[in-house]
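Input: a single structure, listed below in structure tokens.
So you know, we letter chains A, B, ... as the sequences are listed, proteins then strands, and number each from 1.
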Amino acid sequence: MAASPQYDVVIVGAGIAGAIMAKELAGKGARVLILESGPRDREDRKSFHDSYLTAMAKLPNSPYPPYWHGNDPKHEPNKEAVPRPMTAMTFAWPGLEEFKKWNGSQAKFDAFNKQSYLTYTATTELPFLSTYERLAGGTTWHWLGTALRFTESDFRMRSKYGQLVDWPITLPELYDDYASAEEMIGVSADVGDQRALEPYLGAQFPEGYEYPMKRIPMSVSDNLLGDTIKGLQFDRQDLEMTCTPQGRNSEYRDGRPACQGNSSCIPICPIQAKYDATVTLRDAESTNLVTTLTKAVVTDLEVGPNGLITGVNFLQYSGDVGNYQAQRKTASGKIVILAAHAVETVKILLMSNGRRGIANASGQLGCNLMDHLCYLGYGLSNQQGFPYRGPRSGSGIESLRDGPFRKRRSAWRVDVGNVGWQWADDDPTRSTHDFISGENKSCLNPGQEKLFGKALAERLNMANTRMLRLCYLVEQEPQQSNRITLSKNLFDGLRLPRPEINYSVTGSEYTLRGIVAAQQATDLIFDKIGANRHFPDHRQNYSHFINDSGYPGIEFTMDGKNYKVNLYGAGHIAGTYRMGFTGHDSVVDSNSRCWEHKNLYLLGSGTFPTITTGNPTLTIAALTFRASRSVLNDLQHL
Amino acid sequence: MTIEPPSDFFDMSSILTGFTVRTLRLAQQDADFYGVFDDVYGGAWLKDLMGFYVARVQAGSAPEDIGKAILADASPVAETARALMVFWYLGQIAPHDDSRDLRIPSANHYAQALVWRAIQAHPTGVSTLRFGYWAIPPAPFDDYL
Ligand SMILES: Cc1cc2nc3c(=O)[nH]c(=O)nc-3n(C[C@H](O)[C@H](O)[C@H](O)COP(=O)(O)OP(=O)(O)OC[C@H]3O[C@@H](n4cnc5c(N)ncnc54)[C@H](O)[C@@H]3O)c2cc1C
């Protein structure tokens, strides 16, 4: 049993959700303890940036500890105190044809699982493709900064289209909280740009609303693409380019500079023009009512006879990879808030009550794991758009986020990249190797030419200044079988069980039809761009299925046609402790409070009943503001 | 201490990369391409490449022909030259006897890599430009060489 509460509230996790909650509560005089599993060092940004610049693979995780070195995807989750999923692990996942040969072999899965933090059941068909970070400030260290509101229909899919489920909240109920979130993150956008989408998306803003900062200008290539797609229609709706609301400064604000267009927003903004949660964490701590303990890994919660949470158990560790000393401690507060993100929050709940789990009367805990499944469409434009300049992405096609087609297929938004084929094909690196060595891995050098001198520079220029990359963020249907549990035999460096995931997407026709639509829209756009003047004997649309390890893929048949597609993760991990109307079919209520444990709140995108068509973090922030009022109210009655 | 590279190194690198000696010298000031290549690639490979180059210069060959000779299929120095080109263009280098061990020796090698200039951009993660520059096209290609 824990000692009597020293704190009003204990918050687990110092990401955006935890930091906002701490700031809001402390602002009203509550004493808050934050337990954060990862490290913090106020000089971190410089060393993280250096790690990024020297990393051969510039992946979301590259700058951050625990470090992954070299070209070998293996890492040692069994030796790390706070391991997290690694994009690099997908390099160890076989290509589709090889994977088919696994044929559910437990031995093959066991071999993969040994080296991966996320482990998988043998009925899995696709690795979970997204990652997160475990350090103070959390995953916003490497978020992109896209800060879209959800649409009105996103909250009412069942009532409006007979698909998926409804949220227990409507969009207008969140207007004020969205405004608070935009103010706190510091979103740059023009509300007029967003209102222009009303014919497709419905109203998203109350009268008179203005964003905190002016919009960030669109890049040369975004403007070109915008002109190109004008007049195109898909599913009877126009394709339209819109300047994206972004959580990065368009002017000096709150001690942070305007964006300099470093183009490395993922994984690190070297000048912190992009918001990250360390900003809010610092604000929260400046109240002197918030104490943050870092390197404190919460393991489980204690439950009293009346269902209230009475203690938060954690391991405070020191030492280094493979050699940790950990002390077991307990903290307590009148209210406990888990903000450890969609995977770790589930783990803490499942590890509680002697690993029998708590908060799971509905049977939904850990289920409905979702992401935006990313389909990458890429090719060359006939005009120079000069990518690799400006924010990593500053525009998108938003006009197909909603529409009657959602009765039969999932929707998507298109994130339009500003960094050529860097994500799709590791350019300009890959094309440089190709044109020097005479290879054709980029498909840009079918003649296998070996170039040097100015001809080399010119050819690289010709290709790379015309590269276009579209990322379709496909809405994924929540499926109960996509589920996180605890591994029974694989542990981390503190002997805590690693997550075990069961994951597949081909069971959802609704999701697959969205992926097919993404492929068709890509063809439509590249058909409009037309034959390539500079590489006339090349294909128009370079998106193609890759059957290599590192490119997880799926195969399915739709309307008599066979499809093979590679999928990527968006980093939007959702659904694993969904909110709902009753405790029978959901884990938390519309204030993010646990149905079963009245002094326990669960924050983050784990509460999302559906993944929707917007990037999650603005809504995570808005729901946290909403939850904070409920917590303050509860504090008065406990 | 870094050793000042011989001017032949810049002249030869200019033929191989297509960039002016001036640009290469500025890059070398910030990141030691010469010394680090020699160190990491190992052996006497760079010396052999330079020797091959100087002999052709002394024989009066035109720069373009020297480039072709260095990189010809049968050339004993082609592999070294291509490794050097990759280093200049991407800041990536591997030891001669373990080509899979590619690495970026320092942040400055990445930041000075020529490919970014070739594509009229800046290294991803290293912008010295101002807010909004991306809304207008960059300076002409030749300015970057
Ligand atoms: C590459 C990438 C790009 C993204 N881009 C965008 C974008 O453009 N727009 C958008 O809306 N979203 C984006 N996201 C998603 C966004 O980063 C997340 O939604 C957001 O950061 C989640 O915030 P959070 O506070 O819920 O969790 P986190 O930020 O993950 O914070 C959770 C915290 O809990 C701590 N923790 C974990 N386990 C424990 C434990 N056992 N004990 C104590 N502490 C613990 C962690 O260390 C961490 O600090 C992106 C994600 C990725 C991966």
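- Counting only heavy atoms from C-beta outward, the side chains of B/Thr124 and A/Lys58 never approach each other to under 4.5 Å.
- Annotation for A/Ile436 and B/Arg82: closest pair O-NE, 3.0 Å, computed over non-hydrogen atoms.
- Only the side chain of A/Arg392 has a heavy atom closer than 4.5 Å to any heavy atom of chain B.
- Contacts of A/Glu251 with chain B are absent, with no heavy-atom separation under 4.5 Å from either backbone or side chain.
- Side-chain contact between B/Asp142 and A/Lys454: present, with at least one pair of heavy atoms (C-beta onward) separated by less than 4.5 Å.
- Residue B/Gln92 touches chain A through its side chain alone, counting heavy-atom pairs closer than 4.5 Å.
- The minimum heavy-atom distance linking A/Asn262 with B/His122 is given by the pair O-CE1, 3.4 Å.
- Judged by distance alone, with hydrogens and angles left aside, the side-chain atoms of B/Trp134 form a donor-acceptor pair with the main-chain N or O of A/Pro217 at under 3.5 Å.
- Annotation for B/Ile119 and A/Tyr388: closest pair CD1-CD1, 3.5 Å, computed over non-hydrogen atoms.
- Contact check for B/Leu71 versus A/Lys450: no side-chain heavy atoms found under the 4.5 Å cut-off.
- If you measure heavy-atom distances from B/Phe131 to chain A, the contacts under 4.5 Å come from both the backbone and the side chain.
- Here A/Ala457 is the residue among A/Ala457, A/Gly394, A/Ser263 with the most heavy-atom pairs under 4.5 Å with chain B.
- Between A/Leu460 and B/Val115 the shortest side-chain heavy-atom distance falls below 4.5 Å.
- Highest contact tally toward chain B, considering only A/Ala463, A/Ala258, A/Ala455, A/Pro391, is held by A/Pro391 [criterion: heavy-atom pairs under 4.5 Å].
- The environment of A/Glu458 atom CD is dense: over 12 non-hydrogen atoms of other residues, nucleotides or ligands sit within 6.0 angstrom.
- Side chain of B/Arg103 to main chain of A/Thr54: no donor-acceptor pair is present (N/O by atom type, distance under 3.5 Å, no hydrogens or angles).
- Using a 4.5 Å heavy-atom threshold, the side chains of B/Pro137 and A/Gln384 count as separate.
- A/Ser51 does not touch chain B: none of its heavy atoms, backbone or side chain, sits under 4.5 Å away.
- Neither the backbone nor the side chain of A/Pro257 comes within contact range of chain B; no heavy atom of the residue lies under 4.5 Å from a heavy atom of that chain.
- The structure places OG1 of A/Thr432 at 15.5 Å from CH2 of B/Trp88, a figure rounded to the nearest 0.5 Å.
- Contacts of A/Ile268 with chain B are absent, with no heavy-atom separation under 4.5 Å from either backbone or side chain.
- For B/Leu145, the part lying under 4.5 angstrom from a heavy atom of chain A is the side chain only.
- Using a 4.5 Å cut-off between heavy atoms, A/Ala273 makes no contact with chain B at all.
- Among all heavy-atom pairs drawn from B/Val86 and A/His433, the shortest one is CG1-CE1, 3.6 Å.
- Pairing each heavy atom of B/Tyr133 with each of A/Gly390, the nearest pair is OH-N, 2.9 Å.
- Ranked by heavy-atom pairs under 4.5 Å with chain B, the first of A/His49, A/Arg389, A/Gln260 is A/Arg389.
- A distance of 12.5 Å separates CG of A/Asp50 from OH of B/Tyr110, quoted to the nearest 0.5 Å.
- Interface remark: A/Asn249 contributes backbone atoms only to the contact with chain B (heavy atom separation under 4.5 Å).
- Closest approach of A/Phe452 to B/Ile15, counting heavy atoms only: CD1-O, 3.4 Å.
- In terms of modelled atom types and a separation under 3.5 Å, the side chain of A/Tyr52 and the main chain of B/Gly125 share no donor-acceptor contact.
- Close approach to chain A, defined as a heavy atom under 4.5 Å from one of its heavy atoms, is seen in B/Glu64, B/Gly67, B/Lys68 of residues 58-69 of chain B, taken by number.
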